[in-house]
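We use all heavy atoms of the structure for the numbers below, so side chains are in, but hydrogens, waters and symmetry mates are not. So that the names make sense, note that chain A is the first sequence line, chain B the second, and so on, each numbered from 1.
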Amino acid sequence: MKQEMSYNIHNILKFQIVTNKRGGLMRDLNLPFSFFEVKEVDDPDIILNIGKFTPSNKNCYLIDHKYHIKDNYFYCKDAGGRAKWEIEIFGFEEGNTIINFNETVLGLERILFPDLLPQDIALKPMIEYKLGRKDYFSIHSAGISKNNQAYVLVGRGSAFKTTITMDFVRNAGYNFLGDERVIIYGDRVLNFPIHLFLYSYRSKYLPTENFRNILDKVRFVMYLRNNSDYENSDVPVVDSSKLRAMFFIVRTNKPKVRKRPVTLERAVDKLVANEKGEMFRNPSMNLSDFGYHYLKYMLTYSYIFPKSKIATFWDDLEHKLKEILDKIPIYEVEIQERYTSKSFQEIIKTICSD
Amino acid sequence: MIEKYYNIHDIVKFKIVDRTNFFGKGNFYKEYENFETMEKIDNLDFTIYFGKFTPANHNCYITEDKFFIKENYFYCKRDSYKFGNWEFEISRFEDSGNMIVHYSSKFIGYLVSQFIIDFMVHFNLNEKGYSIVHGSCVSKEGRAFLFTARGGAGKTTIILNLMERGFNLLGDDLTILHKGEAIGFLSPLNIFSYNISPLIIEKIGFRKKLVLSLKELLYKMTRGYIKLFTQINARDIFKDNIINSSQLHSIFLLTPKESIRIEQMDKEDLIDNLLVNQKLDTPFFYSYILEYSYIFPENKLSKHWERYIENLTTNLPDDIPIYKVEVPRNYDSRVFEKILQFISK
C-alpha cells in the first residue's frame, strides 16, 4: 500500500513523500521534516517516490560510466557505505521536481528508518536548492530568538550548535528556530526544525547534545515511541523573527578564546564554504560513507551544462547573501574545545553584548 | 626506510620518505616513476613522510571534530573511504616551497595515499602558474592535440589510435598547460578491459594479460565496487614516441552520448569544464579546502580554485580551436575518421 505524506514549509515550498514502506519504528528519525507535515498539498514543488522504478534515461550524456544526464534530468546507480541506490530526478534544475529513489540498505537502519536515505541524499539538498532559488536561504546553522530578535549561530559540525541552543532555550528563555538549519529571507529568520523530537529529547534529558551511554539511547527510543504530535512538542518553536545578528561559532584548543567582528566579504565566503562543506558530511545516520553524492551530481550536471542554474547556484548564493547580510552585525566567536557549564555563561555574555 | 626524489620537468620537485613496510604502496611509485631521479635535490617544493607521526595540532581551530586548522597548517585526525582510512598533516603550504606532509594509515589505507601526493603536485603546479588538466595529449609535427573528458569518454582509446598513426604521446591521463604549450605528464596508462588496444596487447606479456582478466572478473563479481586498473608504463611500450612538450594546436572536449557530433565551443565554457573536472577528480581535497576556507577564507589554500581559473585563462591561448565532441559509447572507425578530419584542419 502506498503511503503519501505531504509537507508545507512556510507556504514557500510544498512537497510529498510517497513510499511503500511502513513508517519505520522511529518516525522522527525516519521522517526528518515531520514538523512541516500537513494533511495535503496542491501542486507540490517536489515529489519523492521511494521504491522500484523504471528510468527514462534515453538520449542522455553518460559521464564516468554511470551518470546519465540530459536537460533538467539526472539518473544514476550509486553506492556508499552499507547502502546502494538508484536515483532519477526529473526537474533537476528547474520546474516541478520528481525524485524516484530505490535503495538497498544493509543493517538495522533498514528496519528503524527505511525512508531516511533518500531524504538525506536527495530530498534535503533539493529543498535547499529550491529554497535558495526562491531567495529563501537555508543556512546550516542554529537559530534562537527572544522578543522577535533572532540570533543565527553558524558552525561546522562539532561546534556545539545544538547544545548551545538547548541551553539558550532551557536556561535563558529563548525560543527555538532550528539547530541544524534556519531559513533567512530578507531581514527575517524562519524556523526550520529537522528531527524535532530528537532535539526535544536531548534538551529534556541530556546535559549536552551527546548521548552519554546506551541507556540514553534506549530511553530515546522509548521517548520517540510515545511522542509524535509535532504541534505539542515541548520545544518553544517560534515561526519567524527579525534577524538581529549572526555569529560564527568555532571550537578551538587555543588557551584563550576571543570574539571579533567579521567583514561581510569574509562572512559570505565562510557561509558558502560551510554550505558546500556540509554536502560532504555523512548522511545523518552514517548510512553511507564520504557523503558527497548530491554535490557530485550537481557538479557532473554542471560539467555538461556549465551555464545551467545548477552550475551558477553557488555564485548566485554568494551574491544574494552579500545583499541581505549587509546590514547586520556579524562576529566570530571562539569557544573552548570542551563544553562545560562555564562555556554557556561565556557564550550568552558574548552574544547578548553584541 | 625508502627515500626517493622526483622532478617534474624542473617545475615541481619533491621527496618521499617511506618509513613503513607496507607492501601495497607499489602503485604510488608506479604513478610517478617517470619523474623519479637518482640525484638528491635541495630546493624541494614538498616532502611526504609515510608512517606514524605526532601531529603538532595545538592552538588550532577544530571543525567536524576531526580537522585541526591554524595558519599554514591542516591536520585531519581520521578520514576514510571504502576500506581505507588515514590521518595526515600538511604544514607550511602558505610559504613558497618546503611544505611538509605526514601521512599515516593502518594497513590498507596506504593504497589510497595516492590522492594526497596528487593534490600536492597539483597544488604546487598551480601556485607556480601551471595548469594541470584531466586530459590526454598527443602531438605531431610540433602541434599538440588535447583530449579532455571525464571517465568513460575514450581518451585513452583515441590517443592509442592516434599513436598507431604516428602521433607522439605527451600524457594519457593528465597534461600540464603553460602559456600555450602542452607539457607531458607521463603517468601509467590505466588499462581496463574496455580500453585495451591491439598495440598494447601486442606489447604486454602473458602475466599482465592474466592480471587484466582477473581484475575484470573481480569487477564483475563485486558488481563494480572493486575496480582495479592495470597500470602500464607508456615508456615501456612506446619508448621513442614520447615527447616532453609541444605547442597546443587544438582542444577536444569529449562527452559520450549517442553518435559522433562536433561543434566549436568557447574558451570560457572550456575553463568551466576543466574546473569541474578537476574538482570531481579531487574529492577529498575539495572537501579539505572547504574546511580550511571556512576558517581562513583569504589564504592561499582557500584560493586554490580561483587561482586554477586564473591560470587557465592565461595558459590557454585565445586563438586556438576548441571543439565539443559528442562521441558514441562504443567507438567505431567513423569516430576516428571524424576526429582526424578536425585534427588536420
Mind ranking [options] by heavy-atom pairs under 4.5 Å with chain B and telling me who comes out on top?
options                                   : value
Leu295(A), Leu62(A), Asp269(A), Asn274(A) : Leu62(A)
Lys276(A), Arg266(A), His68(A), Glu265(A) : Arg266(A)
Pro255(A), Ala273(A), Ala311(A)           : Ala273(A)

Most chain A-contacting option - heavy-atom pairs closer than 4.5 Å, from [options]:
options                        : result
Thr255(B), Leu280(B), Thr63(B) : Leu280(B)
Glu268(B), His58(B), Arg329(B) : Arg329(B)
Glu64(B), Lys279(B), Glu298(B) : Glu64(B)

Contact origin within Lys70(B) toward chain A - heavy atom pairs under 4.5 Å: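 When you check distances to chain A, no heavy atom of Lys70(B) falls under 4.5 Å.
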Is it the backbone or the side chain of [X] that comes under 4.5 Å from a heavy atom of chain B, or both, or neither?
X         : answer
Lys66(A)  : neither
Lys84(A)  : side chain
Ile335(A) : neither

Arg78(B) atom CZ: more than 12 heavy-atom contacts under 6.0 Å: yes
Test item: Asn253(A) side-chain N/O and Asn57(B) main-chain N/O as donor-acceptor pair under 3.5 Å: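 Looks like yes, one N/O pair under 3.5 Å.
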Residues forming a side-chain contact (heavy atoms from CB on, under 4.5 Å) with Asp71(A), sequence neighbours excluded: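 With neighbours one apart ignored, the set is Glu93(A), Tyr301(A), Phe305(A).
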Passing option when Tyr61(B) is tested against Arg251(A), Glu334(A), Arg156(A) for side-chain hydrogen bond (donor to acceptor under 3.5 Å, both in side chains):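 Of Arg251(A), Glu334(A), Arg156(A), side-chain hydrogen bond (donor to acceptor under 3.5 Å, both in side chains) with Tyr61(B) is met by Glu334(A) alone.
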Restricting to non-hydrogen atoms, name the atom on [X] and the atom on [Y] that form the minimum distance, rounded to 0.1 Å.
X         : Y         : result
Pro297(B) : Lys270(A) : CG-CG, 3.9 Å
Phe280(A) : Ser287(B) : CD2-CB, 3.3 Å
Ile62(B)  : Ser158(A) : O-OG, 4.5 Å
Asp64(A)  : Gly151(B) : OD1-N, 2.6 Å
Tyr294(B) : Val154(A) : OH-O, 3.7 Å

Leu290(B) side chain near Glu278(A) side chain, heavy-atom distance below 4.5 Å: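 They are not in side-chain contact.
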Between OH on residue Tyr286(B) and NZ on residue Lys296(A), distance to nearest 0.5 Å: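 The OH atom of Tyr286(B) sits 13.0 Å away from the NZ atom of Lys296(A).
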